[in-house]
Structures are given as C-alpha cells and as structure tokens.
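Encoded as structure tokens, the structure appears first; notes follow it.
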Amino acid sequence: MLDFLGTRQRTHTCGELRAADAGTTVTLMGWVNRRRDHGNLIFLDVRDRYGITQIVLDRELSPEAHAKAEQARPEYVVAATGQIRLRGAESVNPKMATGEIEIAATELLILNDSKVPPFSPAEDAIQNEEVRLRYRYLDLRRPEMQRNIEVRHKVTLAVREYLASQGFYEIETPFMTRSTPEGARDYLVPSRVHPGHFYALPQSPQLFKQILMISGLDKYFQIARCFRDEDLRADRQPEFTQIDLEMTFPQQEDIFRVVEGFLKAAFEVTGEKISTPFPRMTYDEAIRLYGIDKPDLRLPPMTDVRDAFSAEELSSLKIEAGLPIIAIVIPGQVEMSNTQRKAFAQEIDRTAGPDLAFLDLRRLEKSPQYAALAQRIDAAAARNCGLAGVEPENRLIVLSPRLGTTAPARDHLWLYKKAGQLRLDLAKRFQDEHGAFTKKGTAGDYKFLWVTDFPFFEWDEETRTWTFAHHPFTSPHEDDLKAGRMESDPEAVRALAYDIVLNGTELGSGSIRIHRQDVQQQIFRALGMSDEEARDRFGFFLEALQYGTPPHGGIALGLDRLVMILAGASSLREVIAFPKTAKAIDLMVNAPTPVSDAQLKELHIRPVLRS
RNA sequence: GGGGACGUAGUUCAGCUGGUUAGAACGCUGCCCUGUCACGGCAGAGGUCGCGGGUUCGAGCCCCGUCGUCCCCGCCA
C-alpha cells in the first residue's frame, strides 16, 4: 500500500546533515539504497543526488513507521520524518559524509515501490553495458554517473560564463539545414512539403558561424550539438557536443587566449589545476618528435639517434644509412624480459612490415662489439630528450630501418608515424610501470598542447589528387599565398589551422578562415573544383563572402571528450546521459525503428531493403 | 567494409578430454534477530547455456551460420 505525499515537503537533502544539526526535526526523501533489518530495529540508507543518510526505525519509537520499513525494499521511494540524532561513538561511520548522525524516524511513507532492479545503483558499475544502457535511469542513479553529469554541467556553465564575460554572444543555429562540407556522412531529414528533398543535420555549425561574423556579431559561441553518420569508437558518438566559437579580426593567438581562458575556468570549477598558456608546437615538430599530430606530452618525445652510429656499425647491423633511427624512451621500471623482447620484435614485424627492425639494446650492451655503441645511443637519447643523464630505469626501444628498405619507409613521415604508433602501444602496455597516466592531483596531470601550421593539402592516394586537410574555408599562410606556392608547391603550403591536444586526445580544431572571395576561388581551383561546382555546393556562402567579409577565425572543442578526461572515464558513454551503442542504437528507447507506411508515404519515401 | 574479444541464473563468473540431475557468490523470497552500515542466522525459489542448423549414441563444450555488446583498423576532426 503506497502512501500519499500530502503537503509534506523535503526539508533537507540526504547529503547535507552533520553533527551540528543534531536535535532538529527533518523530512528527507529519496531512494532506499540499502535496508538492514534487525527485527525490532531497521536501518534504511536513503539516497538522493546529494548523498546518503541513515534512517533508524525503532519499533518502540514508532510501530507504524517500523512496519512501513519492513515493507521497504531497495529503490523504493520513501519520505522519512524524525529527529536528527548523534550516533554513539562506536557507531559513527567515517566512510559516510553524514556518518556522524542518523534520523530517528517517527514517520515513514512509502511514496512508490520498485520492481527488483536488474542491477543495484548502490553497487559499482556492472560489466554488462547492454543492461546499463537499457536501464539507463538506474545506471544514472549511481553516484559515479551523477558525478560525471555534475562535472559536465559545471564545465558547461563555466565555459558559458567565461565566454559571456569576454563579450561572446551565445547564438543558436539550425538543426535542420543543408549539408555543410565537413567530409562526414550526413544524417538526413526528409521534407514532407518538398518531395524528394532533404534537410541535413549539421556536422558542425561551421558556415553559420562564419556568416554570423559576416553579419557583424563579432564574437559568437554555442554549446552546439553536431551529427555525423560515421562508425563509432569509445571517443566517438554519432551526436556529440562542441564548444563552438568564432571571432572577428583575430590573430591565432587571440583564439588561443580565449580557449586557454575558458579551459582554465572549466578546470578550476571542477577542482583541477592547469597552467596556461599551453605550449605550442608545429605539425612538423609533432610528427618528428612524437610521430603523431596529437602528441601525448606525459611521456618524453622520440629521438633520432642515428648520429651515434658509425658507418661500419650501420652496415654490420644491416641498417639503412641516412634514415632516422628512432629511440623511444619509456620511463620507469619497464625492463622487458627476453620473452617480451622477442614478442615485441615479432610485433614490430607484424605491424610495421619488413622495413623496420627492433634493435635490442640489451643484447647490444652485452656484446663486446657493440657495448660502446649502446652507451652512445643511451647518451644521445638522453641528450635529445633533455634528460639530465642516462637514467638506468628508463628503457630505450630503438627502431631502425632495415638495409634495402622499400620506398614507403624511405619517407621520414612514414617512419615517424610507425614509431609514434609503437610509442603509444608501449605507453599503454607499460602504464602501470611508468605511472605517467595516473593522476597526481597536480597541474602536470593535464598536458595541453597547441599544434599549429598544419599542411594545407593532403595527398589522397585513392583519387590521386590533393585534397584539403582541414576544410576548404581554412586560410593558407599569407606568406605561402604571396610566394605562389599554391601552384608551385602545394605540399609546402601551411594552413592557418590549429588543434588543441590534451593528453594525446584531440580536443578541438580550428582555423583562421578565408575572408576574400578571390582567395576562396583560388582554393577551390587548386582542389580541382570548377567554379560551377563550387557555386553549386557553397553558392550561398560564396555570395555572402562578397558583401564585406571581415577577417575571422575560430575553433570547436569536443565537450564530451573534455568531460571524459576530467571524469577519468574511458568512454564518452560515461559522460553522456543517453548515449548510443557502437552500432548507433539507443537501447533504452530502442531507436532507430521502422516507421509506418503511412508516415513514409507522407514523406515521399519508399525504402529499398537489401535482401 | 575488415579484424579481435565476449555471450551460461537478475548480476559477476566457474563449468575438466564431449558423458548422469549445469554450479558458486551476490541479489531475490520466507522466517528469526535492537546498533547495523557490503549487518548476521536458517530455509527456499530461480537456467530457451544468445538464436538457428549440423556432427555425435550423447553438445554449455566441436563445426557452420546468425544476432547482440565491447575494442581496434578503414571511415570520421
């Protein structure tokens, strides 16, 4: 038999009462976290968003309330009224924030009952994500998830407040729009009124925010939902949220300052410290030192130790001369056993192919012929890493190009990227040993980095053409334009594009945009796009460019990824209230679904199902 | 599109070389218990071994297919 609430009101939350409140009569409401039945004495832990408070039901104090508690079960919703009582010295629970007190209930109402839940919100997360997602409301009751949602809320709020204080307007842009050229697949929305026509959900508000700059709104931001119909990963959802901003007349550094400002605010509000400004690094440096365009600075860079080798050593070790020999430093006690070293050498063969070899430094050290070389490698690596000296506990992994190596590996970029991948694999495998990924509660936990000067063009092997590396509204370096490199040397053209990287995760990406119609046309032509084609795809935007477009630029940061890192989570699903599975399915509402023929007919759609 | 891991009670898992009636813990139900806080004690219920097919005297276990969840590559800022 359920009770009616009547006019009762919650006086306090389940997380706020302390010893100083003893003696007050209060009413708490919440979910039964656990029940401990001692017969004539029953303890109920009642939970809400704010915490857990112990309610005591004593048959002597109130037989009615005690009888109610006998019926109560986990996840029942109850209202308890009674006096706050100090617990005896032996029964204080130091593990609970409210552990010094308890409520001696004189009234207990069961406001609602609950089926036996498939898993208990009182316990840690269960393994089975399918069940967690299907019963998301139960999963979200878990304190850990409530904390993640809280972090997300606080970060969003801090970003809003900071950007507003800097003069940014929050402006909404349409969800139902036309395809913008971000390069991903669109989610489409059929039009009922226009048979055969479709809206597209925005992959980002890119062109709208540029038009807002053309509109003279000067500084724009939005916590914007974006949609991309691509395959998912732990850090990729089909709909995700970006902190999107754009400003008029900026230098690159102006944008960096704004981002550093709101990130500092966002981290502060969640109790974390970071130091600004963030270091900057060009794309070329990042590739050379880390073999990737999103370096994780928590571990030392790779170093080229080829100078440590003599010509004789190169030839006797069957190493191709004139190519980088890359040393990867893994700090800490990460000595590999013989078995591990062999397995690792095999792994390199498998992942990098026959062009890269694993140079076993331990074996070199022991061989009379190469002991001196091993020491020189150590020294060179230490020097290049800026380490004080050769630290015996730092293990070096040395990768060398094999003699007679094939064409792709002669490209330094290829070598750097392979080595960078191995560096990350090793970092992950030995994370317990080096401990660099463990949070220490200092500003060093969060290694931010600006990566600048991305190449403007990217070679597309498939189509054998140059394609844009960012998006086609990114401005090239003015110097490269002046020097006429667009035509003469496309590979050397740098984009005024930049990424912000946090602990090896790409957090965001932005650029200074093209504001001149003639430059924009030049870019389209360089990409092999006819004027007609350009007008067809971006006509409205090209037209807008002709009406006094100011220089402008901006950036977009992945809010979900940011919160994921702040929450220490390993998947976006932990920081999104209602996420989708790897197959883009919502297991709670069961979406997507087929729709009725009538609905399809109205939308002028006939599905073509593959058999 | 490709590769990998997993799928046994509500949950987490065990299940030998293919062999009788598929087990444990937690949870759940009933009874007992006035100081617990992962309460405790006694008793009990609970299984389409993801699904379909095959091999076999016999399949949770082997084979083929399929579905689902997760991770990675491709793809995607």
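Just so it is clear, the model here is predicted, and its values are computed rather than measured. Below, read A as the first sequence line, B as the second, and so on, with proteins coming before strands; counting in each chain starts at 1.
Residue whose closest nucleotide on RNA chain B sits further toward the 5' end, between Arg185(A) and Met96(A): Met96(A). If you find the closest nucleotide of RNA chain B to Gly88(A) and to Glu230(A), the one lying nearer the 5' end belongs to Gly88(A).
Pairing for G46(B) is absent, with no Watson-Crick or G-U wobble pair whose two atom distances lie under 3.5 Å. Across all strands shown, C62(B) pairs with G54(B); the Watson-Crick or G-U wobble distances both stay below 3.5 Å. The pairing partner recorded for C37(B) is none, the criterion being a Watson-Crick or G-U wobble arrangement whose two distances lie under 3.5 angstrom. In this structure U12(B) sits in a base pair with A24(B), meeting the Watson-Crick or G-U test at under 3.5 Å. Under the Watson-Crick or G-U wobble criterion, with both distances below 3.5 Å, G18(B) has no partner in any strand shown.
When each of C39(B), C70(B), G35(B) is scored by its nearest atom to the side-chain atoms of Arg34(A), the top-ranked nucleotide is C39(B). The side chain of Ile126(A) lies closest to U12(B) when the candidates are U12(B), C70(B), G10(B). The nucleotide whose nearest atom lies closest to any side-chain atom of Pro118(A) is, among G35(B), G10(B), U69(B), G10(B). For Arg233(A), the side-chain atoms get nearest to G74(B) when compared with the rest of G35(B), A77(B), G74(B). Across C72(B), C39(B), U36(B), the shortest atom-to-atom separation from the side chain of Ala234(A) is found for C72(B). Listed nucleotides: G35(B), C37(B), C71(B). Nearest to the side chain of Ser571(A): C71(B). Checking U11(B), U36(B), A77(B) against the side-chain heavy atoms of Asn128(A) singles out U11(B) as nearest.
G65(B) sits 26 Å from A22(B) when the C1' atoms are compared, rounded to a whole Å.
Contact annotation for Val131(A): backbone-only contact, meaning every heavy-atom pair under 4.0 Å involves sugar-phosphate atoms and none involves a base. Within 4.0 Å of Thr581(A), counting heavy atoms only, lie sugar-phosphate atoms of the nucleic acid but no base atom. Among the heavy atoms of the strands lying under 4.0 Å from Glu130(A) are primed sugar atoms or P, OP1, OP2 only; no base atom is included. Note on Pro74(A): only backbone sugar-phosphate atoms sit closer than 4.0 angstrom, heavy atoms only; bases stay farther off. At a threshold of 4.0 angstrom between heavy atoms, the contacts of Glu60(A) include nucleobase atoms, whether or not backbone atoms are also involved. Residue-level contact check: Phe43(A) touches the bases, meaning some heavy atom is under 4.0 Å from a base atom.
Under 3.5 Å, the side chains of Asn148(A) and Glu144(A) contain no donor-acceptor pair of N or O atoms.
Side-chain N/O atoms of Arg573(A) and base N/O atoms of C70(B) include no donor-acceptor pair closer than 3.5 Å. For Arg134(A) and G10(B), a side-chain-to-base donor-acceptor distance below 3.5 Å is absent, hydrogens and geometry of angles not being considered. Side chain Gln54(A) to base U36(B): a donor-acceptor pair is found below 3.5 Å. For Arg73(A) and U29(B), a side-chain-to-base donor-acceptor distance below 3.5 Å is absent, hydrogens and geometry of angles not being considered. Counting atom types as modelled, Asp37(A) pairs no side-chain N or O with a base atom of C39(B) as donor and acceptor under 3.5 Å. For C75(B), its base sits under 3.5 Å from the side chain of Arg236(A) at one donor and acceptor pair at least. Below the 3.5 angstrom threshold, one finds a donor paired with an acceptor across the side chain of Glu102(A) and the base of G35(B).
Note that CZ of Arg141(A) is 12.5 Å distant from OH of Tyr135(A), once rounded to the nearest 0.5 Å.
Taking the six-membered ring for Trp and the full ring otherwise, the centers of Phe175(A) and Phe227(A) sit less than 6.0 Å from each other. Aromatic pair Phe221(A)/Phe262(A): centroids not less than 6.0 angstrom apart.
OP1 and OP2 of U36(B) both lie 4.0 Å or more from every side-chain N or O belonging to Arg36(A). Side-chain nitrogen and oxygen atoms of Arg561(A) include none within less than 4.0 Å of the OP1 or OP2 phosphate oxygen of A77(B). For C37(B), neither phosphate oxygen OP1 nor OP2 lies less than 4.0 angstrom from any side-chain nitrogen or oxygen of Asn93(A). Residue Lys95(A) places at least one side-chain N or O closer than 4.0 Å to OP1 or OP2 of A38(B).
Across every non-hydrogen atom of Met281(A) and Ala286(A), the tightest pair is SD-CA, 3.6 Å.
Taking atom OH of Tyr135(A) as the reference point, atom C1' of G10(B) lies 9 Å away to the nearest angstrom. One interatomic measurement links the two molecules: NZ of Lys294(A) to P of C76(B), which rounds to 14 Å at whole-angstrom precision. As rounded to whole Å, 13 Å separates atom C1' of G68(B) from atom CD of Glu129(A). Between the CD atom of Gln237(A) and the P atom of U69(B) there is a distance of 12 Å, rounded to whole Å. Across the protein-nucleic acid pair, Gln127(A) atom CD and U11(B) atom C1' stand 10 Å apart, rounded to whole Å. Atom CD of Gln71(A) and atom C1' of G30(B) are 15 Å apart (whole Å). Computed from coordinates, the Asp231(A) CG to U69(B) P distance equals 13 Å when rounded to whole Å. Summarising the geometry, the separation between NZ on Lys583(A) and P on C71(B) is reported as 12 Å, rounded to the nearest angstrom.
The pair Arg34(A)-Glu123(A) counts as a salt bridge, with a side-chain nitrogen and a carboxylate oxygen less than 4.0 angstrom apart. We find that Arg47(A) and Asp45(A) are not joined by a salt bridge, their nearest charged nitrogen and carboxylate oxygen being 4.0 Å or further apart.
Of the residues Gln520(A), Glu246(A), Gln210(A), the one that meets the side chain to side chain donor-acceptor pair (under 3.5 Å) test with Arg513(A) is Glu246(A).
A stacking contact between His38(A) and U36(B) is absent: the pair does not combine a ring-centre distance of less than 5.5 Å to the base's six-membered ring with planes differing by less than 30°.
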